[in-house]
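In what follows, a structure is listed as structure tokens, so that the remarks can point back to it.
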Amino acid sequence: MIVQPQLHLMVGVLVLLTSLAAVVTTGRGAFRLKRFGRTEHGVFIAAQIVLMLQVMIGIKLLDQGMGTLQKYVHYIGGAGALGLLVLYYWLPKTSEQSSARQALGVSVASLVFVALAFFVGGLYARQ
């Protein structure tokens, strides 16, 4: 099975959008609702699933011999973004409000990693 690099780019845009949606919804949960509810959790999970899909596509592209010129910061950014979202489940939960703030914190940090990986990857893909 051959994967086209354009698929990686399209899913990358989807990763950016779901990561941004996760920040917006977890921010709403943390500051307005004071909880990490079903909607926030659903968007948070969707961001993780899309990131996992993107990582798998990236690994397949590497297997095909594409992407070898990418800087390691691109790969670390993608894997780090997923790791930060997963970190949420390891953090101690003391209250609904602290859980919501933890989700917001890891969502923001993950978005920074996603943006870094997306834009660095785009710079090297155009070369």
Side-chain angles (χ1 to χ4, degrees):
M1 181 170 106
I2 302 297
V3 174
Q4 297 300 318
Q6 291 78 15
L7 178 64
H8 192 60
L9 175 62
M10 290 186 302
V11 175
V13 170
L14 189 58
V15 167
L16 268 175
L17 293 174
T18 57
S19 296
L20 183 59
V23 169
V24 169
T25 57
T26 57
R28 181 180 68 100
F31 294 111
R32 191 180 308 166
L33 304 175
K34 309 280 192 240
R35 64 179 171 76
F36 187 54
R38 287 180 82 158
T39 302
E40 294 80 20
H41 205 93
V43 174
F44 195 77
I45 290 171
Q48 292 172 63
I49 291 170
V50 174
L51 266 165
M52 286 181 224
L53 177 64
Q54 181 71 329
V55 167
M56 288 188 291
I57 292 169
I59 290 169
K60 177 62 179 151
L61 286 172
L62 285 172
D63 179 58
Q64 293 172 196
M66 299 176 171
T68 54
L69 297 177
Q70 296 283 349
K71 291 292 185 186
Y72 285 104
V73 71
H74 177 73
Y75 305 121
I76 292 169
L82 182 58
L84 284 164
L85 292 178
V86 172
L87 174 66
Y88 167 77
Y89 300 102
W90 290 53
L91 297 173
K93 309 297 182 263
T94 56
S95 70
E96 283 190 39
Q97 188 171 7
S98 74
S99 179
R101 288 189 178 160
Q102 290 169 345
L104 175 59
V106 297
S107 294
V108 169
S110 179
L111 178 61
V112 170
F113 273 63
V114 163
L116 174 76
F118 184 83
F119 292 111
V120 166
L123 288 172
Y124 286 94
R126 286 190 287 273
Q127 288 183 357

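Bear in mind that the values here come from a model prediction, so they are computed numbers and not experimental data.
At least one side-chain heavy atom of Leu104 sits less than 4.5 Å from a side-chain heavy atom of Val108. Within the 4.5 Å cutoff, the side chain of Leu51 has heavy atoms near those of the Val114 side chain. Side-chain contact between Lys93 and Gln102 is present, with at least one heavy-atom pair separated by less than 4.5 Å. For the pair Val15/Phe118, no side-chain contact is recorded, criterion being any heavy-atom separation below 4.5 Å from C-beta on.
A pairwise comparison of heavy atoms in Leu85 and Ala47 identifies CD1-CB, 4.1 Å as the closest pair. Across every non-hydrogen atom of Ser110 and Ala81, the tightest pair is OG-O, 3.0 Å. Residues Val23 and Ser107 approach most closely at CG2-O, 3.4 Å, considering heavy atoms. What you find for Leu111 and Ser19 is that their closest heavy atoms are CD1-CB, 3.7 Å. Across all their heavy atoms, Thr94 and Ser98 have their closest contact at OG1-OG, 3.0 Å. Smallest separation of non-hydrogen atoms from Ser99 and Phe36: OG-CB, 4.2 Å.
Remark: Glu40 engages Arg28 in a salt bridge, criterion side-chain N to carboxylate O under 4.0 Å.
Once rounded to the nearest 0.5 Å, the distance linking CE of Met56 with NZ of Lys60 reads 13.0 Å. Atom CG of Leu82 and atom CZ of Phe113 lie 12.0 Å apart (nearest 0.5 Å). Put simply, CZ on Arg38 and CD1 on Ile45 are 10.5 Å apart, with the number rounded to the nearest 0.5 Å.
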Report task. Just do the side chain to side chain contact (heavy atoms under 4.5 Å, CB included) check on His8 and Gln54 with the steps written out, would you? Result -> CA-CA 7 Å; His8 192 60; Gln54 181 71 329; 3.2 Å; yes

Query raised in the report: Under the side chain to side chain contact (heavy atoms under 4.5 Å, CB included) criterion, do Val55 and Met52 qualify, and how do the steps go?
Result: CA-CA 5 Å; Val55 167; Met52 286 181 224; 5.7 Å; no

Query raised in the report: What's the verdict on side chain to side chain contact (heavy atoms under 4.5 Å, CB included) for Leu20 and Leu16, showing C-alpha distance, side-chain angles and the deciding distance?
Result: CA-CA 6 Å; Leu20 183 59; Leu16 268 175; over 6 Å; no

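No donor-acceptor contact under 3.5 angstrom links the side chains of Tyr88 and Gln48, judged on distance only.
Within 6.0 Å of atom CD in Gln64, more than 12 heavy atoms from other residues, nucleotides or ligands are found, so the atom counts as buried in its surroundings.
In the hydrophobic clustering of this structure, Leu84 does not group with Val43; members are Ile, Leu, Val, Met, Phe, Trp, Tyr whose side-chain heavy atoms approach within less than 4.5 Å, directly or through other members. Under the 4.5 Å side-chain heavy-atom criterion for ILVMFWY residues, a single connected hydrophobic cluster contains both Leu7 and Leu17. Clustering ILVMFWY residues whenever any of their side-chain heavy atoms sit less than 4.5 angstrom apart, transitively, puts Leu14 in the very cluster that holds Leu61. Linking Ile, Leu, Val, Met, Phe, Trp and Tyr residues whenever their side-chain heavy atoms come within less than 4.5 Å leaves Ile59 and Ile49 in two separate clusters. Follow the hydrophobic side-chain contacts under 4.5 Å out from Phe44 and you reach Val86 in the same cluster.
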